[in-house]
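Here is the structure we will look at.
Naming: A, B, ... by sequence-line order, numbering from 1 per chain.
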Amino acid sequence: MTDGATTPPNLLSDLNEDQRIAVTHEGGPLLIVAGAGTGKTTTLTHRVAALIARGADPRRILLLTFTRRAAAEMLQRVEASLRKIDTPSGPSDPRMAARGVVGGTFHAVSARLLRQFGSGVGLPPDFTVVDRADAEDIVNAVRGELELPQKMPKFPKKATCTAVYSRIVNTGVGLTETLENDYPHLIDFSDGLRDLFRSYRERKRAEAVLDYDDLLLYWDQLLADERAGPMLRKQFDHVLVDEYQDTNPLQASILRQLRPDGDGLTVVGDDAQAIYGFRGATVRNILDFTDTFGDATIVPLELNYRSRQPILDLANDVIGGATERLEKNLRASRPDGPRPMLVRAQDEAEQASFIADEVLALTEQGFELRGQAVLFRSSYHSAPLEIELNRRGIPFHKYGGIKFIETAHVKDLVAFLRLAENPRDSLSARRVLTLLPGIGEKSAARLADRLREADHDFAAWDDFNPPAATKEFWPGFVKLLRQLLGADDAWMSVEEQVRAVRLFYDGLIEFVHDHAATRRKDLEQLEVLSARSSDRRSFLTEMTLDPPTSTRELASRPPEEDEDFLTLSTIHSAKGLEFDAVFVMNCYDGAIPSDMSLESDEKIDEERRLCYVALTRARTHLYCCHPLRQYTKRRGLSDAYGFTPLSRFLSGDVQSRFNERSAGGEPLPEKPLSTEPLANVRSAVDQRLDSMWD
DNA sequence: GTTGACCAGCTTTTT
DNA sequence: GCTGGTCAAC
């Protein structure tokens, strides 16, 4: 396939020796163990460019990434690399060449594949894909219909059931074993869960609905089929996988089946950065790569181009305590630099105001906002900071946390389109029906049944006698659905369809939700966003598989060239990114590591890697901030769990690795004020108030 | 029989 | 702020 053609020298000029080996490697399976900041993306994109330059057909290259954003960025960089080549073997139009490469997430690639080849396994091409929240709602609906044993402690709730189900599918570990290992407290429910999962599967099949897990499962099963498998294998000569440490056993199986002997397979990853164990990913995939593919070549990338040595020293210390890992030694190519800063704040407000001050101070020194980021373990941790930034007019974009697509009003609107796209989808039917006043769960379920019995013809709803409260809405409601159903024939664009729903929904939104005004604005935004999709089907698929991930992607106007903004992100969503200055918020025990993860060594190890990911995002300045007190609804104002931040990850004297600083400017007492006197003050205030109206 | 108002409790990370 | 449960009113 590459005919022994040589790699154009231009493509190698910027690379170090190890990277060159990885880029020019031919034939058998290749594992690139790329430490943080070692030019992983550069290596991967150069490798794709080199394959193309050596004559590989771009359409027969599959590039699997973790997000679509990553895929798009990589293909852009492949393009840039191809432009550097002006040897005769270089393709004439690099843009077209790079565009031919099939790229995306495992899930998105599978969805495309199943639209084409799914009919053989009984998947109609108009199947719809549901996200996690919808899957939970279907599970919940099924659970309600089933006669489940109501044992003493109650049957697990929908989120738990769905999590168990998903873990089973993605790890391939059976129900009993999964319960024993990961959910020992649910062992008594195994019969009920088994029934539930069976019904859930049947419901999805009857309604032509796939969840995230089905996408992988069907792809894997197609590959195992003796007729379909060989066809699918022949589709690609080269398969490259980014972030391999975050793949799960099902994804590994797909890869094994795509390239059984590993020929043409390249995986890139860093076991030290595996942070998706909670959704079934396993470090074993990368640790066992050489066992799976006997003749695998391993190329470690150890020269770090990103972080200054003091930052790297700290990160290496943190990861040094991990139990099992592939050996590598990160060396900095940028030796000197400021030591990481440990910042103590009295409380979260002071932490927020310190970060805002320091961000501005760095701006004065010439660092742009876009080169700075604030990272946190949980999305809601950033709330006080967001308030502070808004107050000071510092522009920022937030990644991670609840997404636009997950908000109730957006789901409402999308449900109309989903129902029109796939009228078998009873979840969407019930969702849109219950929006109407006077129609609740029961009536909605009955109407959904009628629709099914009428073979999904909306005429079934014509002779429905609506309750008084919804008389005025009903005709418009049915008319709208008819209109959406005929949208294709009427050449109605997605944007027009969204607008039609929006106008109808406008009359209901006040009844259904608070804050109607802001929600209306969101829906206008959604209409703008929908214009980018060519048709309804791809709009719906993109919204579930690649929803907008930040407030920036939702901006209706394209970002201006000189627009500058600070990045706020969960650590998870910051994977793969780098910044000149990084602030890690809430570095106290209970937040980092999360108190939800303290129950087992494996979970704490994942928190350790998460911490490592956070630290290694920084190029020059790194701040680890921790408030001494925090305010929670549950406990009120209280001491943050651990006074020594990161002590769970660092042995010995934590402070000695940092320069210390107090956020408030004043030297702090060794221990924070006890909360005892504060409680007294509060009761005194209560007494005073009582005396005023008694 | 249904709907919807009201209250209590909890809230990780995401394809 | 969202979900699940309870209960009064339609």
Exercise for the section: Among residues two or more places apart or on two chains, list those pairs meeting salt bridge (charged side-chain N to carboxylate O under 4.0 Å, His left out) that have a residue in residues 429-440 of chain A. Expected result: A:D412-A:R431
Exercise for the section: Answer yes if the ring centres of A:Y212 and A:H107 are under 6.0 angstrom apart, and no otherwise. Expected result: yes
[X] [atom1] to [N] [atom2]: how many Å, rounded?
X	N	atom1	atom2	value
A:F511	B:dG4	CZ	P	11 Å
A:E542	B:dT15	CD	C1'	15 Å
A:E406	B:dT12	CD	C1'	13 Å
A:E136	C:dC2	CD	C1'	12 Å
A:K157	C:dG4	NZ	P	7 Å
A:Y218	B:dT15	OH	P	23 Å
A:Y399	B:dT14	OH	C1'	16 Å
A:E243	B:dT14	CD	C1'	13 Å

Starting the side chain at C-beta, find the nucleotide from [options] nearest to [X].
X	options	result
A:Y212	B:dT2, B:dT13, B:dT15	B:dT15
A:K158	C:dG4, B:dT15, B:dT14	C:dG4
A:H515	B:dT13, C:dG1, B:dT15	C:dG1
A:R279	B:dT12, B:dT2, B:dT14	B:dT14

Exercise for the section: Can you run down the side-chain hydrogen bond (donor to acceptor under 3.5 Å, both in side chains) pairs that involve residues 434-445 of chain A, sequence neighbours left out, and say none if there aren't any? Expected result: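 Sorted result for residues 434-445 of chain A: empty, none.
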Problem - Stacking of A:Y276 on B:dT14 base (centres under 5.5 Å, planes under 30°) - result: no
Practice task
Classify the nucleic acid contact of A:R68 as base, sugar-phosphate or nothing, counting any heavy atom under 4.0 Å across all strands shown.
Solution key: nothing
What does the list of N/O pairs under 3.5 Å between the protein and nucleotides 5-7 of chain C look like, with a distance for each?
residue	atom	partner	partner atom	Å
C:dG5	OP1	A:K154	NZ	2.7

Practice task
Please work out which residues in residues 434-445 of chain A have a non-hydrogen atom less than 4.0 Å from an atom of DNA chain B and list them by number.
Solution key: A:P437, A:G438, A:I439, A:G440, A:E441, A:K442, A:S443
Practice task
With DNA chain B as reference, determine whether A:R377 or A:F66 sits nearer its 5' end, using the nearest nucleotide of each.
Solution key: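 The 5'-side residue here is A:R377.
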Practice task
Find which nucleotide of DNA chain B each of A:F106 and A:S378 is nearest to by heavy atoms, and output the residue with the more 5' nucleotide.
Solution key: A:S378
Exercise for the section: Mind checking ring pair (Phe, Tyr, Trp, His ring centres under 6.0 Å) for A:F127 and listing every partner two or more places apart, or none if nothing turns up? Expected result: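 A:F127: no ring pair (Phe, Tyr, Trp, His ring centres under 6.0 Å) contacts found.
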Handout entry: Under the ring pair (Phe, Tyr, Trp, His ring centres under 6.0 Å) test, residues paired with A:F66 that sit two or more places apart
Key =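 Scan of A:F66 (ring pair (Phe, Tyr, Trp, His ring centres under 6.0 Å), adjacent residues dropped) gives A:Y276.
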Handout entry: B:dT12 OP1/OP2 closer than 4.0 Å to side-chain N/O of A:S379
Key = no
Problem - B:dT14 phosphate, OP1 or OP2, under 4.0 Å from A:S573 side-chain N/O - result: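 Checking B:dT14 against A:S573, a side-chain N or O does come within under 4.0 Å of OP1 or OP2.
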Exercise for the section: List in chain and number order the residues that pass side chain to side chain donor-acceptor pair (under 3.5 Å) with A:D605, two or more places apart in sequence or in another chain; answer none if no residue qualifies. Expected result: A:T323
Exercise for the section: With sequence neighbours left out, write down each residue that passes side chain to side chain donor-acceptor pair (under 3.5 Å) with A:T105, or none if nothing qualifies. Expected result: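 Listed in chain order: nothing, the list is empty.
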Problem - Sub-4.5 Å side-chain heavy-atom contact between A:Y399 and A:L577 - result: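 No. Closest side-chain heavy atoms not under 4.5 Å.
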Problem - Qualifying residues under side chain to side chain contact (heavy atoms under 4.5 Å, CB included), relative to A:T282, sequence neighbours excluded - result: A:P249, A:R284, A:N285
Practice task
With rounding to the nearest 0.5 Å, note down the distance linking CG in A:D589 to CD in A:E607.
Solution key: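 Rounded to the nearest 0.5 Å, the CG-CD separation comes to 10.0 Å.
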